[in-house]
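Sequence positions, counted from 1, serve as the residue numbers for this chain.
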Amino acid sequence: MKKDYEKQIQKLLKKMTLEEKVGQLQQCGPSLVGAFEVSFEELLDMMFDGRISQEEFDKLMGTAEQDFHEEDLRAGRVGSYNGIGDADTVNRLQKIAVEETRLGIPLLFGYDVIHGFRTVTPIPLAESCAWEPALWEKTARVAAEEATAAGVHLTFAPMVDVAKDARWGRVSEGAGEDALLNSAYGAAKVKGFQGDDLAKEDAMAACVKHFVAYGAGEAGRDYNRVDMSMQRLWEEYMPPYQACIEAGARAVMPAFNDLNGVPCTVNSWLLRDVLREKWQFDGLVISDSNAIAECVAHGIAADKREAAKQAVIAGMDMDMSSNSYIEHLKELVESSEVEETVLDEAVGDVLRIKFELGLFDNPYRTDKEREQRTMLKPEYRALAREAAGKSIVLLKNENSILPLASGTRIGVFGSLAADKGQMTGAWAIGANPDDCVSLTEALEARKISYRYSADSADMQKTAEESDVLVAVLGEMKEESGEAASRAEITLPPEQLAMVRELAATGKPVIAVLFNGRPLAISQLDKTVPAIVEAWHLGVEAGNAVLDVLLGDVNPSGKLTTTFPAATGQCPMYYAHTNTGRPGGKSKFTSKYLDAPVEPLYPFGYGLSYTSYSYKELSIAKLEGALGVTVTVRNTGEKAGDEIVQCYVQTPAAKRVRPVRELKAFAKVTLKPGEEKAVTLKIPYDSLGYYDWDMKWTPYEGKLKVYAGGNVKDTIEGEIQLS
């Protein structure tokens, strides 16, 4: 079948004019036009800069209409759209492409389906805390079924940027700070989005992003430079992208940032040497929004014409939204500055994904009836609730305050407790706030005795009439995600003041956090006896949180990102290397004078309503892998799921190695008093590193092996590898 595609691609290329070829590389979104004298982008800047109010902006938007560039489409100048997610509009535009253009080449529709389409599931950072690839694949499958019913062919996901700095807002979109977890997460999402056959109507192509090392932006500032050694790049940042390619991802989006001085958008080493030649990728490479034009601001291209030339030669197939190709590529080919064979390669990649999606045979893959009957099915909401429950991490539970006893009178405080729209988190553009369940709504629905106070006016009275006080805190969804880096990741002063006032009543206070990144919550930790990290959980947020508070769900989530004790510790992550003077009590060690050496909560950490013990660690040399076996026992009184984690460390190597590296994990269900021997396999080819000369060097000599419920609380053994 693939050979047939290639023959058809070549036939089409021979028929196409230069203009039609360049048109296939143009992805645009609908433009907003209306009764305002500046561009929509400038209008947004005016609102964000405070030159106009939100009210004035909304009033102007009330006069706006969408321009879908139909005349450009008819002229063969559009090959793809982004940001369109309704079946009627997709089919109307597709009809123009198929019936009114010279060659009838169908359109490709892309959309940011990051964590659900209409049935919004937990943000990726939250869902990664479930440590459950099968769950990640299931939620991606639901997203694909809904999105394709709305006409979407390609999602700009998964994001597998390893993120070690909590100040970066887009930490919310990935699986945290570890390469192995991001690899497992990304591969599962690719499989869920794409299904077993991309031509099926409910399959959409996955576009893995952002290639490469976008999560390593200097100082955690979005879009910032990335400068690192090749060894660190390949060991800590490359593996998740490769895992997604091996899982079959059909598209890749290069990152906004430069890598060691060359923007990824025009980086031929990255896009041709690594992606195409080393990894044998033959899918679509699409720029991030306006990224080609931004190479001028980077300082590597004098103008958009030069940026377009560099990008297409480097291996960038499709231009998202910058108009650099549509304005300059024809001229560049005619002047022989870009070989037409280079253009043909890019067009071939676009046509190939359209053939794989079956668009030439079935350009209208959905309709309004399918769209309406697919959204928010009861089974989708049930899965969203399950995923949300498994994403919640219990950070603190002194004196077993949780779960709440039946009949407890609950006082609820904070505006986030009743704000449905905030439950979705960042990048949930298909969400409807009315689909979401807030915590107060969940309490109402289950007829739980509670009082709610959103401000200080009746706080004291509410507290007096309650047995337990639930303070709902955290970030607004706009405070994490793209362009939401923060120099300070503590809770707002007014939230901390509310918590102190509640604690002063003498009643037990439970903090519930809705947020999109790790927060520095040392003050909160000192003030309250219980903390529930709920993240931004999606449409079933309120129900899932209440399930945990009442004990209907025993929390099992474990952190995939370190919680620093103070913002100034960032970037803080578990897999650091030691210096010659590791941080300690002595003054002359690597530490801050005004912050602890350790994080507030370490990687892999999470409490349960039961307890677990580990014993009998053994290590065996198997064919192709080390076999690590450990016995885990449920020592408490409730059934629960424990996430067993296995780390390694080599004490001496040709390059200093991390103090610990996650190499395997498994989730095990245990009844009270039950114990199980869990065997984890560590492939030998994962036990190595790149030396000074970039040669892959297998671990040798003594290897320390650790197993436990988080990176700090483990039992250990060792084995001689050679």
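- Residues K304 and H328 are in side-chain contact: their nearest non-hydrogen atoms beyond the backbone lie under 4.5 Å apart.
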>> Run the side chain to side chain contact (heavy atoms under 4.5 Å, CB included) test on E70 and L93 for me, step by step, so that the C-alpha distance in whole Å, both residues' side-chain angles and the decisive distance to 0.1 Å come before the verdict.
In response: CA-CA 8 Å; E70 287 96 331; L93 295 171; 4.1 Å; yes
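- In this structure, the side chain of K354 engages the main chain of P106 through a donor-acceptor pair within 3.5 Å.
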>> Before you tell me yes or no, could you show the steps for R276 and D282 under salt bridge (Lys or Arg N to Asp or Glu O under 4.0 Å), namely the whole-Å CA-CA distance, both residues' side-chain angles and the distance that decides it to 0.1 Å?
In response: CA-CA 7 Å; R276 298 292 189 190; D282 66 349; over 6 Å; no
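- When side chains are defined from C-beta on, V226 does not count as touching V212, because their heavy atoms never get closer than 4.5 Å.
- D222 places a side-chain N or O within 3.5 Å of a backbone atom of A483 that can act as its donor or acceptor partner.
- Here ring pair (Phe, Tyr, Trp, His ring centres under 6.0 Å) pairs that include residues 170-195, with residues two or more places apart or in two chains, are W136-Y185.
- Applying the salt bridge (Lys or Arg N to Asp or Glu O under 4.0 Å) criterion to E371, with sequence neighbours excluded, gives K368.
- Pairs passing the salt bridge (charged side-chain N to carboxylate O under 4.0 Å, His left out) check and including a residue from residues 154-164, sequence neighbours excluded, read K164-E236.
- Remark: K330 pairs with E19, E334 by the salt bridge (Lys or Arg N to Asp or Glu O under 4.0 Å) rule, at least two apart or across chains.
- When all heavy atoms of I123 and G516 are compared, the closest pair comes out as CD1-CA, 3.7 Å.
- Q66 places no side-chain N or O within 3.5 Å of a backbone atom of S31 that could act as its donor or acceptor partner.
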Could you pull out all donor-acceptor pairs under 3.5 Å where a side-chain atom in residues 283-296 meets a protein atom, sequence neighbours excluded?
{"unit_1": "S287", "atom_1": "OG", "unit_2": "M320", "atom_2": "N", "d": "2.9"}
{"unit_1": "N290", "atom_1": "ND2", "unit_2": "E294", "atom_2": "OE2", "d": "3.3"}

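- Here the side chains of I114 and M159 are not in contact, with every heavy-atom distance at 4.5 Å or above.
- No side-chain N or O of Q10 forms a donor-acceptor pair with one of E6 less than 3.5 Å apart.
- Each ring pair (Phe, Tyr, Trp, His ring centres under 6.0 Å) pair with one or both residues in residues 75-104, not counting sequence neighbours, appears once here: Y81-F109.
- R370 contributes a side-chain N or O that, together with a main-chain N or O of R365, makes up a donor-acceptor pair within less than 3.5 Å.
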>> Quick one, E145 with K200, criterion salt bridge (Lys or Arg N to Asp or Glu O under 4.0 Å). Give me CA distance, side-chain angles, the key distance, then yes/no.
In response: CA-CA 10 Å; E145 290 172 4; K200 288 184 177 179; over 6 Å; no
> Could you go step by step and tell me if R373 and E369 meet the salt bridge (Lys or Arg N to Asp or Glu O under 4.0 Å) rule?
Replying inline: CA-CA 6 Å; R373 65 179 160 81; E369 189 277 330; 2.9 Å; yes
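- You'll find the side chain of Q24 stays beyond 4.5 Å of the side chain of M318, heavy atoms only.
- Counting all heavy atoms, side chain and backbone alike, V90 lies closest to A150 at CG2-O, 3.9 Å.
- A donor and an acceptor atom, one from each side chain of S335 and E337, are located under 3.5 Å apart.
- In summary, the aromatic rings of W427 and F117 are positioned with their centroids too far apart to meet the 6.0 Å limit.
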> Given the rule in the side chain to side chain contact (heavy atoms under 4.5 Å, CB included) test, do T148 and E201 qualify, once you have shown the distances and angles that lead to the verdict?
Replying inline: CA-CA 7 Å; T148 56; E201 292 181 346; over 6 Å; no
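- In this model, a donor atom of one side chain and an acceptor atom of the other lie less than 3.5 Å apart for Q26 and N323.
- Between F256 and H210, the ring-plane angle classifies as parallel under the 30° and 60° cut-offs.
- Judged by distance alone, with hydrogens and angles left aside, the side-chain atoms of N82 form no donor-acceptor pair with the main-chain N or O of G110 at under 3.5 Å.
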>> Let's go through W168 and Y214 carefully: what are the C-alpha distance in whole Å and the side-chain angles of both, what is the deciding distance for ring pair (Phe, Tyr, Trp, His ring centres under 6.0 Å) to 0.1 Å, and is it a yes or a no?
In response: CA-CA 10 Å; W168 188 50; Y214 185 36; 5.1 Å; yes
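- A distance-only check finds no donor-acceptor pair linking the side chain of D227 to the backbone of G261 [under 3.5 Å].
- Pairs passing the salt bridge (charged side-chain N to carboxylate O under 4.0 Å, His left out) check and including a residue from residues 95-113, sequence neighbours excluded, read E20-R102, R74-E100, K95-E99, D112-K209.
- For the ring pair (Phe, Tyr, Trp, His ring centres under 6.0 Å) condition, no pair includes a residue of residues 284-316, sequence neighbours left out.
- Contact detail for V190 and A249: the closest heavy-atom pair is CG1-N, 3.6 Å.
- Legend: ring pair (Phe, Tyr, Trp, His ring centres under 6.0 Å) pairs involving residues 350-373, not counting sequence neighbours, sorted by first then second residue: Y5-F355, F355-F360.
- Minimum heavy-atom separation, H115 to P122: CB-O, 3.3 Å.
- In this model, no donor atom of one side chain and acceptor atom of the other lie less than 3.5 Å apart for K278 and Q242.
- Counting only heavy atoms from C-beta outward, the side chains of L25 and L329 approach each other to under 4.5 Å.
- Listed by first and then second residue, the salt bridge (charged side-chain N to carboxylate O under 4.0 Å, His left out) pairs involving residues 178-194 are E127-K189 (not counting sequence neighbours).
- R221 CZ: 12 or fewer foreign heavy atoms inside a 6.0 Å radius.
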> How far apart are the C-alpha atoms of S172 and H536, what are their side-chain angles, what is the distance that settles it, and do they pass the side-chain hydrogen bond (donor to acceptor under 3.5 Å, both in side chains) test?
Replying inline: CA-CA 9 Å; S172 66; H536 291 136; over 6 Å; no
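- Sorted by first and then second residue, the side chain to side chain donor-acceptor pair (under 3.5 Å) pairs with a member in residues 253-273 read R272-E345; sequence neighbours excluded.
- Contact check for K21 versus D344: side-chain heavy atoms found under the 4.5 Å cut-off.
- No donor-acceptor pair under 3.5 Å is formed between the side chain of Q194 and the backbone N or O of A144.
- Between Q8 and L12 the shortest side-chain heavy-atom distance does not fall below 4.5 Å.
- Counting only N and O atoms by type, the side chains of E146 and T119 include a donor and acceptor under 3.5 Å apart.
- A distance-only check finds no donor-acceptor pair linking the side chain of S80 to the backbone of Q27 [under 3.5 Å].
- In summary, the aromatic rings of W279 and Y241 are positioned with their centroids too far apart to meet the 6.0 Å limit.
- Ion pairing between K309 and E331 fails under the 4.0 Å rule for side-chain N and carboxylate O.
- In this structure, the side chains of R486 and R517 come closer than 4.5 Å at one or more pairs of heavy atoms.
- Scanning both residues, N182 and G174, for their nearest heavy atoms gives OD1-C, 4.3 Å.
- For the pair F211 and L271, the tightest heavy-atom approach, listed with the atom from each and the gap, is CD2-CD2, 4.2 Å.
- Applying the salt bridge (Lys or Arg N to Asp or Glu O under 4.0 Å) test to R51 and every residue at least two apart in sequence or in another chain returns E42, D49.
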>> Please determine whether salt bridge (Lys or Arg N to Asp or Glu O under 4.0 Å) holds for the pair D693 and K695, giving the CA-CA distance in whole Å, both sets of side-chain angles, and the decisive distance to 0.1 Å.
In response: CA-CA 6 Å; D693 298 313; K695 294 178 182 177; 5.2 Å; no
